[in-house]
Each structure stands twice: as C-alpha cells, then as structure tokens.
Amino acid sequence: MFNLKAELGGARRGTLRTAHGDIETPFFMPIATKGAVKYLDNSDFKQLGNQILLSNAYHLYLRPGIEKLNSFGHLHKLMNWQKPILTDSGGFQVFSLARLRKLTDDGVVFNSHIDGKETFFTPELSMEIQDAIGSDIRMCFDYFPGYPADYDVAKKSVYLTTAWALRCKQWHDMVMQKRSKSVRSLLFGIVQGSSYKDLRKSSAQQLLAVDFDGYAIGGLAVGEPPEIMYEVLDNVVPELPTNKPRYLMGVGQPEQVLEAVKRGVDMFDCVLPTRNARHGQVYIRTQQDGLVAQDLSEIYYEKITIKGAIHDLSELALDPFCECYTCASGYSRAYIRHLFTIDDPLAKKLTSIHNLSFYVQMMAEIREAIDYA
RNA sequence: GGGUAGAUGGCAGAGCGGUCAAUUGCACUUGGCUGUAAACCAAGCGACCUUUGGUCUACGGGGGUUCGAAUCCCUCUCUACCCA
C-alpha cells in the first residue's frame, strides 16, 4: 500500500494506496474537522488539487453522530467528496479540551463542548466512529501532554497510547477481516513520548510490535521550540520502517513541513493555512521561480497581514506570482482588505483558497524536487 | 417670545467635587494562532519626554467658587422637545 519511489537526502517520494485512490507523498491535508473546510466547497478543492481531506472522530460523533453517518452511508457521500479522507481519533481533543474531560486508564470521559453531555470515549468507540465515517486512514486513540511535560507524565502518555493502540488494532482487524481488500481502511499508530528520546524510542518500538499500516508522530507543536521538534524527528524517524508512511500530526509552518520532509516524513496536516486565512494572514512567495529550492534546502516565503492599513490602495494580487483562483482572478489586496473590514465571508474564502493553494503547491514542488533529483 | 432637557475622546454612551487622560461598547491600529470549542484571542488607541515614571493640553466657549472642577455657580453659543 505504500510504494517508495525516490529519495533526496532523507526526503522520500512515494505513493500511498487507499480505498478511495492513490495519494502521492509527501502531501498536505486540508482540515475539515466537522466535515467542512470552512468557507470552501468541492469546486474549490478541484482547483486546489488537494488529494485528501482530514476530519475528526470526536466532532463528527457529536454531530451528526454515528447513526446518521451509518444511515446516510459514510462521510464521503455526505460531503460529496470521493477522494481519500483521514480521520483523527479524538486524541487531540483529549489535549485541546482538557478542561472538559477526565482521563482514566480505560478511556476519557468527555463533557461535550456543545451541550455538556457526558460521553465515555474509548479506543473502541473512536474506532467505531471512524468506521461510521468510513475514512480511508484512521488514527489510534492516543493521549499526550503539552510542552514541557514531566517525565512521568510523558511516560504515562506512552503507556496509555500503546495500550489503547492495541485495542484499536484489535477492533480494526476484527472488522476489516470481513471486508474485501479494496475497501479496507488503513490504521496508523501514534508515537508519543514528549521531548524524551528514550520514551519516543520505546513508544515507536512498542507500536512497531503491534504492526500498523503507517506511523504518526504526535504530541508535537504543542508549545516546544522548533529545534526540539526537529530533534524529536531526528530521534524517532530512524526507528520507523522505511516501507510504511510517516505522518507528522498537526505541523505546521511551511519551513517546519520542509524540515520534516527532509527528515523523512510523508504526511502533514495543519490548521494554520485555513485559520490564518480567516484571521487575515496570508502566505506569499518572495521569489518568482518557485517556493522551494531544488535541493530542498530552503523555502522562500513570508506572511503578510492583509487586514493591515498599508494595503488600503494596493492593486497587487495577494501574491503576484501565485496561480491560485484568488490571485489569478485579479482580486486586489485593497479589495480583500476591504472585504475583511466589512466582515464579508468572501474575504475568508478567498484567503483560504490562497493559503491552501500555497501549501498544496509547496508539496507539489517538494515532490517534483525529489522526483528530479 | 416663553419653558424644559441636553452639549464628554472617531461614534455611541458612563461619570455628577479629589482615587479621571476619563468606565464600557463599536470603530481603528498592531500582534498571536501548529492532529480547529478559534469569523478567535491579546495589546494599543490626546501630545511630548530622560517612558514600572513625568510634563503639558483636554469633557461646547468665556468667567467664577474651591486647596482641588468633566462634576457646583453665572453667562454666551448650539441642539432637541413643549407652549405661544
């Protein structure tokens, strides 16, 4: 299911086969947590050319819920999106909604952030939800602390994450056995261990023993300096098999993605391009002839605040070198700033398209660089 | 012509003798967002300076009372409403 095709230094170029089609790696996943990439629709995705979307078990469990997903026939049909979907397990919400949950060895008791209703979230429930969603790539239910984390807490996160990964794997194997190979989903384990080298290493080894379709590196970009993140990657990636995809969860800024690619990571997701877009920050190129150096040494970009007064009269496109719908259509910085000023949804749509296009384009250039190295 | 109520920072609107360069909201400016409780959050928003502090100018104009006034008094101007 994962074919490695080329390498450039530590960077890898491959194809990941899923039930809804092949994905060229390395790739970036736009985030549709609740089944929608805010402000965008299928015609936007078609122009963007993203190969996959990411969604979330916790959020889709609350709405629309397992029953409706099953009755309607999975998220692909509900969203009218026929390409691959990866789902996060709800593990991130154990972190981000820490004030609304209680951790136990068996799972997590959540109080819904919507109506307060209590749910006991277990590895099995996460798997059941992800199956109702029908996602192509599913994540184990995991637990991780923020940064910095005490050694004992990090150690516990590894212990729980492995124990839960085993339960996820059992549930997933049992269900997939009965299905034809062509519709089987992939299950990924998630390496934890905070910034501790020995914990990260043993986490990876424990998950390898369980045997997953791919391995994610989680618990990063939670407040640690980027150098720590790179150090963790340097420690973890060599522990992972070369014939399985590697996924750095939730990362990150463009240069962080590039640094991770160079260290052998194949998959990425992050809210930054879409959230920053909604908040008026856009990524733009600083060189006309490409975003990424041919040897992957550098990425040429800057972030600008399009809401800033200095764009009041600017006739420039967001990024004059960009070919995305927003930039190619001739919308000026002045107009997009105006749209933000009057709080029109078109502002967020146009910047979301642009920022996602930046990430999709960055990944395409990275793939190209590895292919032609 | 007579009466009543008002006039506060870009706007709205508190304050009614000192703790007021002035609550709050909006607007504005600048930051921040990393497996999305995020169309969110934070800071700034009279001027100047030797900037955890200081000086000056400010609550319609002018004058006064007071140690001290956005706050009290007089007067002028303007606004709204009511009566002729």
Side-chain angles (χ1 to χ4, degrees), chain A residues 28-39 52-60 62-63 85-101 110-116 126 130 135 137-144 146-147 161 188-192 214-226 228-229 246-257 259-260 265 267-283 303-312 337 339-352 355 359:
Chain A
F28 177 83
M29 300 178 270
I31 299 190
T33 300
K34 303 173 194 173
V37 176
K38 296 179 200 295
Y39 296 91
I52 177 171
L53 292 175
L54 178 148
S55 196
N56 181 279
Y58 168 84
H59 286 280
L60 291 182
L62 296 180
R63 295 182 300 202
I85 294 173
L86 178 147
T87 41
D88 186 31
S89 59
F92 185 73
Q93 279 62 43
V94 179
F95 168 74
S96 66
L97 302 179
R99 270 171 288 178
L100 299 173
R101 56 77 172 163
F110 276 108
N111 283 103
S112 158
H113 68 279
I114 297 163
D115 61 9
S126 177
Q130 294 185 68
S135 49
I137 305 170
R138 305 176 186 180
M139 305 304 298
C140 288
F141 191 52
D142 65 330
Y143 162 69
F144 63 91
Y147 178 89
T161 296
F188 280 35
I190 306 173
V191 176
Q192 293 297 350
Y215 295 90
I217 302 155
L220 289 176
V222 291
E224 81 283 2
I228 299 278
M229 183 174 99
R246 303 155 180 170
Y247 168 26
L248 176 55
M249 304 186 79
V251 175
Q253 295 287 3
E255 68 278 10
Q256 296 169 345
V257 170
E259 288 306 310
V265 176
M267 304 165 54
F268 300 89
D269 78 280
C270 190
V271 300
L272 280 176
T274 42
R275 182 182 291 166
N276 279 339
R278 273 177 272 123
H279 295 173
Q281 290 242 314
V282 298
Y283 295 86
K303 259 188 329 195
I304 65 170
T305 305
I306 198 59
K307 295 204 273 192
I310 88 171
H311 301 112
D312 261 342
R337 156 154 158 92
L339 291 172
F340 270 106
T341 303
I342 63 171
D343 198 21
D344 191 284
L346 182 57
K348 299 183 175 78
K349 179 183 173 83
L350 292 175
T351 50
S352 292
N355 278 358
Y359 271 71

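Here is how names work: the chains are called A, B, and so on, in the same order as the sequence lines, proteins then strands, and each is numbered from 1.
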Engineer: For the residue pair A/Lys38 and A/Ser352, establish whether any side-chain heavy-atom pair is separated by less than 4.5 Å.
Structural biologist: no
Engineer: At under 4.0 Å between heavy atoms, what does A/Asp142 touch on the DNA or RNA strands: base, sugar-phosphate, or nothing?
Structural biologist: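 Base contact.
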Engineer: Counting only side-chain heavy atoms from C-beta out, which of B/rU36, B/rA37, B/rA39 sits nearest to A/Ser96?
Structural biologist: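 For the A/Ser96 side chain, the nearest candidate turns out to be B/rA37.
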Engineer: Could you tell me which nucleotide pairs with B/rG18 by Watson-Crick or G-U wobble geometry, both distances under 3.5 Å, or answer none if nothing does?
Structural biologist: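 B/rG18 is paired, partner B/rC67.
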Engineer: Whole angstroms only, please: what is the CG-P distance between A/Leu60 and B/rU36?
Structural biologist: 11 Å
Engineer: Does A/Ile190 reach a base, just sugar-phosphate, or nothing at all? Heavy atoms under 4.0 Å.
Structural biologist: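 Here A/Ile190 touches the bases of the nucleic acid.
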Engineer: Look at all strands and tell whether A/Thr341 reaches a base, only sugar-phosphate, or nothing, counting heavy atoms closer than 4.0 Å.
Structural biologist: sugar-phosphate
Engineer: Test ring pair (Phe, Tyr, Trp, His ring centres under 6.0 Å) on A/Phe92 and A/Tyr58; report intermediate values, then the result.
Structural biologist: CA-CA 9 Å; A/Phe92 185 73; A/Tyr58 168 84; over 10 Å; no
Engineer: For A/His279 and B/rG32, what is the distance between atoms NE2 and P respectively, to the nearest whole Å?
Structural biologist: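 Checked: the NE2 to P distance equals 13 Å.
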Engineer: Which base, if any, makes a Watson-Crick or G-U wobble pair with B/rC48, both distances under 3.5 Å?
Structural biologist: B/rG54
Engineer: Now, which nucleotide makes the Watson-Crick or G-U wobble pair with B/rA43, with each of the two distances under 3.5 Å?
Structural biologist: B/rU29
Engineer: Using purine N1 to pyrimidine N3 plus N6-O4 or O6-N4 for Watson-Crick, or N1-O2 and O6-N3 for G-U wobble, both under 3.5 Å, which nucleotide pairs with B/rU77?
Structural biologist: B/rA7
Engineer: Contact class for A/Phe340 (heavy atom, under 4.0 Å): base, sugar-phosphate, or nothing?
Structural biologist: nothing
Engineer: State whether the side chain of A/Gln130 and the backbone N or O of A/Ala57 hold a donor-acceptor pair below 3.5 Å, judged by distance alone.
Structural biologist: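 Not at all, since once roles are kept as given, no pair shorter than 3.5 Å links the two residues.
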Engineer: Please give, in whole Å, the distance from B/rG32 P to A/Gln281 CD?
Structural biologist: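 Going from A/Gln281 (CD) to B/rG32 (P), I get 6 Å.
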Engineer: In whole angstroms, how far is the P atom of B/rA37 from the CZ atom of A/Arg101?
Structural biologist: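 After rounding, the reported distance stands at 13 Å.
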Engineer: Taking atom C1' in both B/rA22 and B/rC45, compute the distance separating them and give it to the nearest angstrom.
Structural biologist: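 The same atom, C1', in both gives a distance of 14 Å.
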Engineer: Measuring to OP1 and OP2 of B/rA39, would you say a side-chain N or O of A/Arg278 lies under 4.0 angstrom away?
Structural biologist: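 A/Arg278 to B/rA39 OP1/OP2: side-chain N or O found under 4.0 Å.
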Engineer: Under 4.0 Å, heavy atoms only, any strand: does A/Gly219 hit a base, just the sugar-phosphate, or nothing?
Structural biologist: base
Engineer: Is there side-chain contact between A/Leu62 and A/His113, with heavy atoms separated by less than 4.5 Å?
Structural biologist: yes
Engineer: Using the C1' atom as the reference point in each nucleotide, state the distance between B/rA70 and B/rC59 in Å, no decimals.
Structural biologist: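 These two C1' atoms come out 4 Å apart once rounded.
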Engineer: Take atom OH of A/Tyr39 and atom C1' of B/rC40, then tell me their distance rounded to the nearest Å.
Structural biologist: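 Going from OH in A/Tyr39 over to C1' in B/rC40 covers 11 Å.
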Engineer: Tell me what A/Gln93 touches on the nucleic acid: a base, only sugar-phosphate, or nothing, going by heavy atoms under 4.0 Å.
Structural biologist: sugar-phosphate
Engineer: Once you round it to whole Å, what is the distance between C1' of B/rG32 and CZ of A/Arg275?
Structural biologist: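 These atoms are roughly 11 Å apart.
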Engineer: Consider side chain to side chain contact (heavy atoms under 4.5 Å, CB included). Of A/Thr87, A/Asn56, A/Leu53, A/Leu54, which one does A/Ser135 pass it with?
Structural biologist: A/Thr87
Engineer: Has the side chain of A/Glu224 got a donor or acceptor atom that lies under 3.5 Å from a matching backbone atom of A/Val222?
Structural biologist: yes
Engineer: If the cut-off is 4.0 Å, is A/Thr274 near the phosphate of B/rU36, judged by side-chain N/O to OP1 or OP2?
Structural biologist: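 No.
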Engineer: Mind checking the C1' distance from B/rU36 to B/rG44? Whole angstroms is fine.
Structural biologist: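 About 28 Å, rounded to a whole number of Å.
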Engineer: Please work out if A/Gln192 contacts a base, only the sugar-phosphate, or nothing of the nucleic acid, heavy-atom cut-off 4.0 Å.
Structural biologist: base
Engineer: Is it the case that the base of B/rU30 and the side chain of A/Thr305 share a donor-acceptor contact (distance under 3.5 Å, atom types as modelled)?
Structural biologist: no
Engineer: Using the C1' atoms only, state how far B/rC26 lies from B/rC33, rounded to an integer number of Å.
Structural biologist: 24 Å
Engineer: When rounded to the nearest Å, what value does the distance between P atoms of B/rG10 and B/rU23 take?
Structural biologist: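 Their P atoms lie roughly 14 Å apart.
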Engineer: Heavy atoms, side chains only, cut-off 4.5 Å: are A/His311 and A/Ile304 in contact?
Structural biologist: yes
Engineer: Distance check needed: B/rC33 P versus A/Gln256 CD, whole Å only.
Structural biologist: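 These atoms are roughly 10 Å apart.
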Engineer: Please measure how far the C1' atom in B/rG60 lies from the corresponding atom in B/rU55, and state the result in whole Å.
Structural biologist: 26 Å
Engineer: With sugar-phosphate meaning primed atoms plus P, OP1 and OP2, does A/Ile114 contact a base, only sugar-phosphate, or nothing at under 4.0 Å between heavy atoms?
Structural biologist: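 Result for A/Ile114 = nothing.
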Engineer: Looking across every strand, which nucleic acid part, if any, lies under 4.0 Å from A/Asn276 by heavy atom: base, sugar-phosphate, or nothing?
Structural biologist: base
Engineer: I'd like to know whether CD1 of A/Ile310 has more than 12 heavy-atom contacts from other residues, nucleotides or ligands below 6.0 angstrom.
Structural biologist: no
Engineer: Taking the same atom, P, in B/rG53 and in B/rG13, what whole-Å distance lies between them?
Structural biologist: 34 Å
Engineer: Could you tell me how far apart A/Lys34 (NZ) and B/rA39 (P) are, to the nearest whole angstrom?
Structural biologist: 8 Å
Engineer: As a test of reading the structure: which of B/rA37, B/rU36, B/rU30 is closest to the side chain of A/Ala309, going by heavy atoms?
Structural biologist: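 For A/Ala309, the side-chain atoms sit closest to B/rU30.
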Engineer: For the P atoms, the ones on B/rU4 and on B/rA69, what distance do you get once it is rounded to whole angstrom?
Structural biologist: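 Comparing P positions in B/rU4 and B/rA69 gives a spacing of 29 Å.
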Engineer: Both A/Tyr58 and A/Arg337 contact RNA chain B. Taking the nearest nucleotide for each, which residue is further toward the 5' end?
Structural biologist: A/Arg337
